[in-house]
Amino acid sequence: MATVLAVSGTFHAHGAAAREARYRVTIARGDLAAALETLGAQTGISIGWDGPLPSAAAAAVSGQMTARAALERLLRETGFHAVRAGPTTFRLVPTGPGGAPRTDIPETMPDVIVTARKQPEALSTVAAPVATWVPGADPAPSRNNTHGVAEDVEGMVVTHAGAGHDRAFMRGIADSPFNGFSQATVSVQLNDARITYDAAEPGLSLIDVARVEVLKGPQGPLYGTGSLGGVYRVVTNPPVLGSVAGSAGIGVTAIQHGGVGASSEATFNLPVIDDRAAIRLVGYASVMPGWVNVAGGARGTNRSETYGGRVSVRIAPASGWMIDVVANEQSVAARDSAYVDVGSTDLTRHVAFLEPRDGRVRVAEGKVTGQIGATQLTLVTGYTRQDQREVYDATASAVALGLPRGSSASYQDTRAYSVFDQEVRLSAPSGHSFNWVVGASYLSATTAADGELSQPGRPLRPIFALSRWATEIALFADTSFPLLDRLRASVGARAFRATTEDSRRERRKLEADAKATFGLTPSASLAYRFARDQLVFLRFGSAFRSGGLDSTNTATGRYAADKVRTLELGGRLRVGDRLSIEADLFRSVWTHLQSDYLEPNGLTATHNVGDAVIPGGELAVEWRPITAWHIKSGVTWQRPRLDRAMDGKHLIKDARLPVVPDLSARIEVRRDFTAGAWRITPYAAANYVGASRLSFDAGLDRHMPGYGLARAGVAAVSDPLTVRLDIDNLFDARADTFAFGNPFSVRTAPQFTPARPRAITLSVSHHF
């Protein structure tokens, strides 16, 4: 049976620039698989092939040349020829009679090599619901952040609480809109390091990013506890050995009803020791105007600033071995919240205090990969520190917080999260029909949260404190193998020991000793390939999430662990270079659902609410009716509902899970043409988000009506220069994106988070 594999997962954000780039390539004559691995590291290209790669000797290559030229020289004695499958992706095919390149194999629609399942795979062949977002590959981009990814990925939803304070959900697996202390349902990864446990989605700006990989549905076998809804994985561009390159860009943004802001970014790739080591430096900054006004006070109070940078080092100490070190830091600060209390059509809020918020995330990761005989070894260590501070007007809950009636006060919520993640794994050599990966992992996550009340002229008053230490030790394995000529099976499992030790002080102190939980999360799939680009699969997946403290549970003082099991039927179809279709039908069962809820005083706690059933379906279509036109569209239908209470009784009321809509859709149309040396691409796109509810908790079952947002623009590229004009929220729609903003007043007054008004951005970037 034919299997598509890859040796490198690297993409550049600017395909046109990468195609013309010349690299210093130095590859000794030797094993073909090792030579392809080295070429991928030195040029950043990805290379795939159908079926097992036979043992062959690659030719020696040395000098300055394009990546394609280097690949052709390397292959000249192997019986293979390279066919382009994407801007920086090639697949290997056998040469024809007499060694001439075969001409009967068409170049296909661009494919992507993904590594989210711990092994490199061509996306078109993956027997699982995986989506990718590649910045720069599409001239009609969404925003370079998590919200932009969610606009282009079926089944993904992100709340609108603000960068670094949002919660991400997938496939209807949504527990609560509030940033409480239950473990997140989506595992967030930066490269191979896990960077969140119970923290909010960090809101990393996607600058100099190769791609984002989104695994939908429970991913317990490979990613452990907390991956109930899926995995959100950001893959950064690694340093390219032997190459001096870079880019710089600036942008100016004008927001209607707001003001003018600016952004800038720069990237430099520098060799350190010729073809042995390189460093990549990334820096970015943006200042965006606000558009929310305080009644009788300041205007545009939700002005925000973002600053970030990344340093990556790649070392190739020996053939077949690679060392990667990445350090990333980003800080985001906003002067005020972005919600209003009159209506989503009004941009005014009535508060006694501004509500500033800021966040900072720092990630350090080290990765070592290499060959031990015919086996691939991977060692990964990551450490993440995430700090958040939010200030709320707590006047509406003064009495519940122990203050005299009529008192005015603000509440400061300070949190510090850390995640230490370590993994070692072994995998099968590239090209084998029997693929496998086995490994062991250790995770340690800590959380420290403090809440303090502030009144004019009085010292801060501590009223809340929480500390948590969670660990997970696990062994995991995943394998796929042929059953028949076109039928392939895969089986995976993770055996783990998870512990959580909690301490919470509010009006009284609750403590829970570390309680060990042993468990097993399996997965299995069957995939049938009708042809090289036609695949249908049946998959079962599962994931587990640990329990914690519950002050309302008088019996145990804890909330129980919950688990998701999903069965789905999916398929992928590609027709030449014109049409691509992906479809999925799924049904998830979520037992002992954990949910963060608001106590009467506005503070957050967690409890179990029952069992949920989530059926749904997704469809994504990419069509090129003629070469110049490109149409992409997608639709998601799902019905996430709480089905049973904790006592096992069926619920009569239609208890919708929070935030996630039943229906959402997207469409994008663009056309390419040339004008002299310029490639011009105008585009138009729109997203529809269906109606949803804020929460199923009593008194907070707020309706959020469906809405549509459109964007349009034009990109002009003449290497090495790119000029763009983008208009977001084209018709200046006043959609209510999130019916929440302040936990202390949400019960006493309606709250609305209006969509950002029309924003016009002019940007220029230069690549060298």
Side-chain angles (χ1 to χ4, degrees), residues 6-15 17-28 34-47 60-71 74 87-89 113 115 120 136 190-193 207-211 234-248 265-284 308-329 363-371 378-382 720 766-768:
V7 297
S8 174
T10 303
F11 275 77
H12 288 292
H14 304 280
R19 285 194 296 270
E20 301 300 324
R22 297 175 66 84
Y23 304 94
R24 184 194 303 275
V25 178
T26 305
I27 301 174
L36 292 173
E37 187 84 32
T38 303
L39 180 62
Q42 293 182 1
T43 63
I45 65 172
S46 295
I47 310 155
V61 181
S62 180
Q64 288 278 136
M65 65 194 76
T66 65
R68 180 155 196 166
L71 182 56
L74 183 148
T88 55
T89 312
I113 305 302
T115 54
L190 182 64
N191 297 313
D192 284 79
I207 307 298
D208 194 44
V209 164
R211 65 190 180 278
V234 179
V235 182
T236 61
N237 281 318
V240 179
L241 303 180
S243 174
V244 177
S247 66
E265 60 186 77
T267 301
F268 297 97
N269 190 98
L270 303 170
V272 178
I273 309 174
D274 293 332
D275 60 345
R276 289 296 182 185
I279 186 171
R280 194 175 187 93
L281 307 174
V282 180
Y284 54 91
R310 183 167 61 249
V311 178
S312 305
V313 177
R314 167 163 280 189
I315 303 171
S319 178
W321 285 84
M322 201 72 64
I323 300 172
D324 287 292
V325 179
V326 179
N328 194 103
E329 180 170 349
V363 183
E365 177 193 7
K367 179 180 179 182
V368 178
T369 59
Q371 296 284 336
T378 302
L379 300 169
V380 180
T381 300
H766 184 275
H767 310 277
F768 57 90

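Reckoned from all heavy atoms, side chains included, excluding hydrogens, waters and symmetry mates.
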State, with a plain yes or no, whether a side-chain heavy atom of [X] is found less than 4.5 Å away from one of [Y].
| X | Y | answer |
| --- | --- | --- |
| W321 | V368 | yes |
| S312 | V326 | yes |
| P271 | V244 | yes |

Please report the closest heavy-atom contact between [X] and [Y], naming both atoms and the distance.
| X | Y | answer |
| --- | --- | --- |
| M322 | A316 | SD-CB, 4.0 Å |
| I315 | P317 | O-CD, 3.2 Å |
| A278 | V240 | CB-O, 3.6 Å |
| G382 | A193 | CA-CB, 4.0 Å |

[X] side chain vs [Y] backbone, donor-acceptor pair below 3.5 Å:
| X | Y | value |
| --- | --- | --- |
| N328 | V363 | no |
| R314 | A277 | no |
| R310 | I207 | yes |

Query raised in the report: Under 3.5 Å, is there a donor-acceptor pair between the T236 and N191 side chains?
Result: yes

Query - Spacing of I273 atom CD1 and I279 atom CD1 [to the nearest 0.5 Å] - result: 11.5 Å

